[in-house]
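Read through the structure below, which is laid out as structure tokens, and then see the notes.
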Amino acid sequence: MKKIAYFDSSHDMPEEIIMAAGFVPYKIFGDVHASNAPADQYLQAFFCPAARSFLTEALTRSSEWEGIIVAQGCNATNRHYDVWKRHVSTPFLHWFNGPIKDDSMALRFMKTELWRLIDTLNRQYKVSITDDMIAAASRESNEVKKKLQKLSALRSEKDITNREYLTVLIKSMTLPKKDAVAAIDELIGRAEKGGPIPKNKIKVLLTGSDVTYPELMDQIDESGFRVVRDDLSVGERYYATLIPEDGNPVDALARYYLSIPKPATKVGLRSRIEYLERALSDSGLDTVISQNIKFCEPFAYDSVLVNGELKDKGIRILHLEREFTPGPDHQLMNRLAAFSEML
Amino acid sequence: MNQQTTAPASLEAPQIRIDTLPHAKNLKWPMLWYLLVGELYSMLPWKKTAWTCAGFPVELLWGFDIFPLHPENMATVAAAQKQSQRLIEHAEGMGYSRDLCSYCKTNFGAVDTGIKTTLGGIAKPDIITCTNTICDTHWKWFQIQAEKLKVPIFVFDCPKIVSGTDERTIEGYINYMVEQFYDFFEFVKKHTGKELNIERLNRACEESERMSVLWREIYEYRKCVPSPYSSAETSASFFPLVVLPGKKVGIKFFEKIKADIRKRAESGRGTLSGGAREKYRLLFEGIPFWYKMRFMYDLAKYSAVVTYEPYTFSFAPPKPVGKDYTETLRDVARIMMDLPYSYNLEKRIQYFEQAVKDYKIDGVILHENLSCRPSSTGMIDLKNAIQEDLHVPVLIIQCDMNDPRAYSEAQMKTRIESFIEVMEKNRKG
């Protein structure tokens with residue numbers, strides 16, 4: 001099946017519209033193993049290395065995609081859009097400007113943006129996206145989310161490695177949904193038959209910038225931490241809530257995207273803190289690893305206040321600023337090891 | 001065998017300086033007015049103040065008789081008073097990363113240490129309002145301070161006019177913005193008890209436009225060769241446009257300096273001292289180095305004059321005048337989303353290339369600001385476009401607007417001198 005790729009700094013891209021248009025939504029993750037030299041012709045080294053890697057992927061692989069959509073998220077999305085428009089070869093590049101607020105005005109605006117996207121896809125690909133198609137896509141999307149919810153519940157008890165969890169999340173956002181469901185089912189089956197979380201692992205909640213490559217998850221695992229909750233976009237934010245299946249499907253999508261757990265790119269710091277507190281309390285956790293990738297401003301801003309509030313409530317928390325690299329980052333692992341010893 | 005080489009003759013002519021305008025010193029009046037009236041509004045219980053940011057239409061606040069306090073502006077005051085580094089380091093001690101905005105960290109440090117206003121401190125406001133039009137930092141920063149100070153906040157969500165956005169889409173964006181204006185009015189009423197006075201708003205818009213017109217007229221004179229006015233002075237004198245649009249004290253100041261500039265232009269005199277010849281006309285893009293304002297003055301030693309800065313010009317867009325209420329709000333919404341400082345790349349290239357032609361620019365300096373990734377995005381394309389389309393050399397300088405740790409005197413001098421040589425070669429063709 002043909003793919004439409006999207007650049008999404010969080011979970012802002014309504015991939016169900018892409019599915020309704022008959023394409024596979026493919027979230028651009030970049031490649032931590034590849035040099036960023038192609039993107040570095042246009043973006044300076046003090047920009048988010050993940051966003052630079054996304055551009056590198058687009059510069060080198062865009063011919064595999066039918067088009068690209070950039071969803072409003074952090075500043076990298078809207079500012080880099082212009083750079084992508086100049087240099088990435090693609091027959092279709094669309095800007096999807098989701099709101100950063102979640103009130104009634106933002107909801108109306110979200111619907112307008114969804115309709116603009118539908119209209120643009122209809123014209124570009126000579127399709128006719130109907131309500132029924134969107135509703136079917138939402139149901140398919142929900143099926144993935146429900147499976148991920150089940151997997152997430154299991155990871156508190158069963159031995160599901162950090163890498164396995166992230167890998168299946170990435171598959172959910174890059175493969176056709178039926179293949180994603182098969183991959184999640186396979187992991188759930190394996191986990192159910194497998195043993196419990198090893199006793200030497202400390203259960204943690206992971207928060208901050210999105211983790212887009214499994215090597216970092218390996219490092220966290222190797223340092224003795226098992227991620228059993230998170231509030232990441234390549235994580236719980238993607239599946240914590242379901243798309244309403246009643247009423248008008250476009251309205252339902254608008255409501256869904258404005259009600260998912262807040263990332264740092266959306267107004268609602270209090271709401272983000274409350275989600276974290278609830279997740280910790282529901283899971284009986286008292287340990288958090290907070291991290292932001294170098295130059296990721298939204299999460300770097302949030303981290304001081306968010307982590308401070310959690311600390312005040314007795315949560316044990318470590319904050320890390322990390323590079324974008326697959327290799328073992330010994331400085332980071334030393335800090336993780338020290339945190340583990342302290343606990 | 002070591003070969004003795006002769007050091008190249010210095011490109012500097014230290015005796016050449018900037019001749020400041022006779023009325024330049026009058027800037028102290030609007031500054032004093034701002035500080036004193038701001039203090040008064042902060043002290044009197046029935047008066048209200050708001051923190052706001054660049055890109056927010058201050059005239060709206062005047063319409064409520066709310067005094068706008070500008071954390072960014074006070075951060076520049078801290079830098080000019082050599083306080084910013086210690087405040088930034090204080091904020092970093094609180095946990096904020098070195099990679100975050102130096103204005104923001106200066107403000108965090110200023111509030112946490114309680115530094116006095118004359119050194120860059122700022123009073124606690126009654127409300128906070130900001131937009132995301134220029135950067136995420138504005139609302140992230142203000143959201144954190146609103147939480148810490150326990151002050152209500154309103155964030156304007158400004159859709160982004162990216163390259164190629166069509167007019168129909170922009171109209172849809174404006175609809176969303178206008179809805180937010182009405183919500184903002186309710187917010188202000190709820191938290192301050194004040195209501196929008198339309199007459200006062202219209203008056204503020206008219207006076208604001210009067211000030212903007214004066215500034216644009218000053219820029220027309222800057223097209224003269226030699227230029228009668230340079231960035232060494234505009235970097236300070238544009239202050240009333242940022243914090244006092246629509247206030248007579250600022251208009252009076254602009255009228256005085258415009259008269260000085262006109263006189264100079266009519267007599268064919270430039271801004272360099274002793275009748276020195278203006279050899280290189282520069283365009284400087286980005287926020288100046290507030291802790292090192294000498295940089296702009298020192299360019300004079302090379303007979304170089306910055307004759308145009310998109311940054312200082314961007315604070316004088318045409319304001320809505322003589323329009324009905326709805327049209328006024330729609331115009332304000334458009335201005336908020338489409339500021340020259342946040343133009344998309346396609347528009348930015350067109351805008352810069354036109355300025356290079358209009359102001360007869362010999363070289364462009366782009367400040368790649370470590371504190372402002374949004375404004376630094378696309379700079380490489382901007383550089384390449386200007387060089388390829390107009391054959392005008394462009395220099396990208398990486399530095400920071402408020403953090404002196406990013407500035408290296410020797411490195412800066414080397415780069416500027418190399419650029420002067422490039423401009424000279426380019427001129428000879």
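Every chain is numbered from 1, with letters handed out A, B, ... down the list of sequences. This is a predicted model, so every value here is computed, not measured.
- Heavy atoms only, all atoms of each residue included: A:Val304 and B:Met94 are closest at CG1-O, 3.3 Å.
- Of the two parts of A:Cys74, the backbone and the side chain both hold a non-hydrogen atom closer than 4.5 Å to a non-hydrogen atom of chain B.
- Inspection of non-hydrogen atoms places A:Asn97, A:Pro99, A:Ile100, A:Lys101, A:Asp103, A:Met105, A:Ala106 of residues 97-107 of chain A under 4.5 Å from chain B.
- Residues of residues 115-124 of chain A lying under 4.5 angstrom from chain B, judged on non-hydrogen atoms, are A:Arg116, A:Asp119 in numerical order.
- Put simply, CG on B:Asn175 and CZ on A:Phe109 are 9.5 Å apart, with the number rounded to the nearest 0.5 Å.
- Applying the side-chain hydrogen bond (donor to acceptor under 3.5 Å, both in side chains) rule to A:Lys27 yields no partners; only residues at least two apart in sequence or on another chain are considered.
- With salt bridges taken as basic N to acidic carboxylate O contacts below 4.0 Å, none links A:Glu297 and B:Lys140.
- Of the listed residues A:Asn307, A:Thr112, A:Leu305, A:Asn292, the one with more heavy-atom pairs under 4.5 angstrom with chain B than any other is A:Leu305.
- Annotation for B:Ser376 and A:Phe47: closest pair C-CZ, 3.8 Å, computed over non-hydrogen atoms.
- For A:Thr77, no part lies under 4.5 angstrom from a heavy atom of chain B.
- A distance of 6.5 Å separates CD of A:Gln44 from CD1 of B:Ile396, quoted to the nearest 0.5 Å.
- Contact annotation for A:Glu113: only side-chain heavy atoms (C-beta onward) come within less than 4.5 Å of a heavy atom of chain B.
- Using a 4.5 Å cut-off between heavy atoms, A:Ala264 contacts chain B through both its backbone and its side chain.
- The pair A:Arg270-B:Glu147 counts as a salt bridge, with a side-chain nitrogen and a carboxylate oxygen less than 4.0 angstrom apart.
- Contact annotation for B:Leu382: neither backbone nor side-chain heavy atoms come within less than 4.5 Å of a heavy atom of chain A.
- With a threshold of 4.5 angstrom between heavy atoms, B:Glu179 approaches chain A through its backbone and through its side chain.
- Side-chain contact check for B:Tyr96 and A:Ser303: no donor-acceptor pair (N or O, by modelled atom type) lies under 3.5 Å.
- When every heavy atom of B:Thr377 is checked against every heavy atom of A:His80, the shortest pair comes out as CG2-CD2, 3.5 Å.
- Of all the heavy atoms in B:Arg373 and A:Phe295, the pair that sits closest is NH2-CD2, 3.1 Å.
- When atom types are taken as modelled, the side chain of A:Asp82 and the backbone of B:Ser163 share a donor-acceptor pair closer than 3.5 angstrom.
- Between A:Phe46 and B:Asn369, the shortest heavy-atom distance links the atoms CE1-O, 3.6 Å.
- Of all residues spanning residues 308-323 of chain A, those with a heavy atom less than 4.5 Å away from chain B's heavy atoms are A:Glu309, A:Glu321, arranged by number.
- Side-chain contact between A:Tyr301 and B:Cys104: present, with at least one pair of heavy atoms (C-beta onward) separated by less than 4.5 Å.
- When atom types are taken as modelled, the side chain of B:Gln143 and the backbone of A:Val267 share no donor-acceptor pair closer than 3.5 angstrom.
- Both the backbone and the side chain of B:Cys101 come within less than 4.5 Å of a heavy atom in chain A.
- Closest heavy-atom contact between B:Asp136 and A:Gly73: OD2-O, 4.4 Å.
- With a 4.5 Å cut-off on non-hydrogen atoms, B:Tyr343 touches chain A through its backbone but not through its side chain.
- One finds the CG atom of B:Asn384 at 8.5 Å from the CZ atom of A:Arg86 (value rounded to the nearest 0.5 Å).
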